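Working notes, beginning with the structure itself.
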2 protein chains.
Amino acid sequence: MEQLTILIVDDMEAHRRRLARIIGELPHLSIVGEAQSGKEAVALAVEEEPDIILMDIEMEDKMAGIRAASEINFSSPESKIIILTIHKDNDSIFSAYQTNIADYVIKSASKEEIIEAIENAASNTSPIRPFVASKLREEFARVKKFEENFTHIFQVIATLTPSEVEILKSLCQGLTRKQIAAERSVELETIKKQISSILKKFDKRNTKEVIRIINDHDLFTMINKIQF
Amino acid sequence: MEQLTILIVDDMEAHRRRLARIIGELPHLSIVGEAQSGKEAVALAVEEEPDIILMDIEMEDKMAGIRAASEINFSSPESKIIILTIHKDNDSIFSAYQTNIADYVIKSASKEEIIEAIENAASNTSPIRPFVASKLREEFARVKKFEENFTHIFQVIATLTPSEVEILKSLCQGLTRKQIAAERSVELETIKKQISSILKKFDKRNTKEVIRIINDHDLFTMINKIQF
DNA sequence: GAAAAAGGGGTATAAAACTTCCCCCTTATT
DNA sequence: AATAAGGGGGAAGTTTTATACCCCTTTTTC
């Protein structure tokens, strides 16, 4: 079996020791460095050019490991990065998979799983693990759909007037015409008129359809940020 | 081991026979139907409610299997779909992963791999296979980046006035201020003023930067379609 | 180095758009 | 029956926009 050099990146001594013990048992794996921060990791990666980097995410800050991975992809593209973390939340996973990582493994994984991850990474045969796959599939579908459908919606929203945008925000929050009128301190008739204009621009016959296409594409957050 | 019902969908007799042979060897797997088209597949899925559907992609047309999978997700959401195809091109894979499939397996896979795919799908533990993972990682990063950058640019473009949009279109075509003034039959000073306003909204110091971010995200076509 | 283009700031005015309100009405929804 | 949703016409006042002119500096181009 091919000789592999490994860099361990984790800010906790105990975690580094556990990994060192696991790797130490295998003669074809050798640790060429240990880093306690993202910064150190980037420097050591350039210096040692390891085959594999085992990278924790949360160090100096919540995403230090992801940023380090991203920098290493640029400065030391030959090193394969395995994210080895306790975090299995969507944010961590999606951020990680936006950089070119080989694998994403939970720290509680068995010795065998960690070694398998290293071997797979080295031979470019890392699958995406089941617990990641389901989340990634969903998110992938969402962003792909977003990309495909945004063009039309974009054109419509570009033509909305400032107060129409504000009313649209309120509609997305589920407010009725009456509530929106109260909120904006204007007559109900005014709101009715403007919603009518919004529907025309979207070419829809009722507000439900408009809200649906906005929710379907997760555009609410985006619309909510529009400020005139 | 739990009893699993399986639906085979493929327009080629020989392929269906091979799968039937593989499945027939295992007592806990039973074939409850065979379909030769996407349409048949949807009907049989509703009728038989199979645990697993082995689905070919290219049947009536190039993407019949993907469409069928999408419909089955809606009408028979309990059935797990395994795409089993000869196509490993990006289009097929990305389309497949936009619908909720359990796995994507190449037809030349060994008997063992196919059975493993079925077992994993049944127990909700399908990883994304290495040959798919690398492509999916790349595409995921691309569309995620698109979505992130789009949000900011979107907010800016939503605040542009009609004539600012027109001038932006001209700028993207590489026209100078003088040319745009001539094109719109207005004074040069007017255009200078409006471009100044555009730069402020984009928070950029020159038009090159604005054009660059528009081109970087392939937004020109989209902006060009905006009509007030 | 001169000329042209790009970019920033101020001011002003007519036209356009927006906001608001009123009236009327029909159709869903409850 | 009552309320909400949706469509259409009209009209007032206000705000923005589009346009133009002035001034200036910096950058690019020839």
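Please read these numbers as outputs of a predicted model, since none were measured by experiment.
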Query raised in the report: What is the 5' to 3' range of DNA chain D, first to last nucleotide, that sits under 4.0 Å from any heavy atom of chain B?
Result: D:dT17 to D:dC22

Report summary line: Here the residues of residues 156-170 of chain A within 4.0 Å heavy-atom distance, strictly under, of DNA chain C are A:Thr161, A:Pro162, A:Ser163

Query raised in the report: Which residue pairs pass the side chain to side chain donor-acceptor pair (under 3.5 Å) test when at least one of the two sits in residues 174-183 of chain A, sequence neighbours left out?
Result: A:Ser170-A:Glu183, A:Thr176-A:Gln179

**Report entry** Between the first and last five pairs of the helix from C:dG1-D:dC30 to C:dC18-D:dG13, the angle of the axes, rounded to 10 degrees
**Finding:** 40°

Query - Residues which pass side-chain contact (heavy atoms from CB on, under 4.5 Å) with A:Leu171, listed by chain and number, not counting sequence neighbours - result: A:Ile167, A:Ile180, A:Ile195, A:Thr207, A:Ile211

Requested in this report: Could you tell me whether the phosphate oxygens of C:dA5, OP1 or OP2, come under 4.0 Å of any side-chain nitrogen or oxygen in B:Lys178?
Outcome: yes

**Report entry** Selection residues 211-228 of chain B - residue pairs positive for side chain to side chain donor-acceptor pair (under 3.5 Å), sequence neighbours left out
**Finding:** B:Asn149-B:His217, B:Arg212-B:Asp216

Requested in this report: Name all residues meeting the side-chain contact (heavy atoms from CB on, under 4.5 Å) criterion together with B:Asn90; count only those two or more places apart in sequence or in a different chain, and write none if there are none.
Outcome: B:Phe94, B:Lys135

Report summary line: Its contact letters, B for base, S for sugar-phosphate only and - for none at protein heavy atoms under 4.0 Å, make nucleotides 21-30 of chain C read BBB-------

Query raised in the report: Sequence neighbours excluded, which residues qualify as side-chain contact (heavy atoms from CB on, under 4.5 Å) partners of A:Ser76?
Result: A:Ala45, A:Val46, A:Ile72, A:Ser79

Query raised in the report: In residues 200-207 of chain A, which residues come under 4.0 Å of DNA chain D by heavy atom?
Result: A:Lys200, A:Arg205, A:Asn206, A:Thr207

**Report entry** side-chain contact (heavy atoms from CB on, under 4.5 Å) partners of A:Ser92, counting only residues at least two apart
**Finding:** A:Ile57, A:Met63, A:His87, A:Asp89, A:Tyr104

**Report entry** Pairs satisfying salt bridge (charged side-chain N to carboxylate O under 4.0 Å, His left out), at least one member in residues 160-170 of chain A, at least two apart
**Finding:** A:Glu164-A:Lys201, A:Glu166-A:Lys169

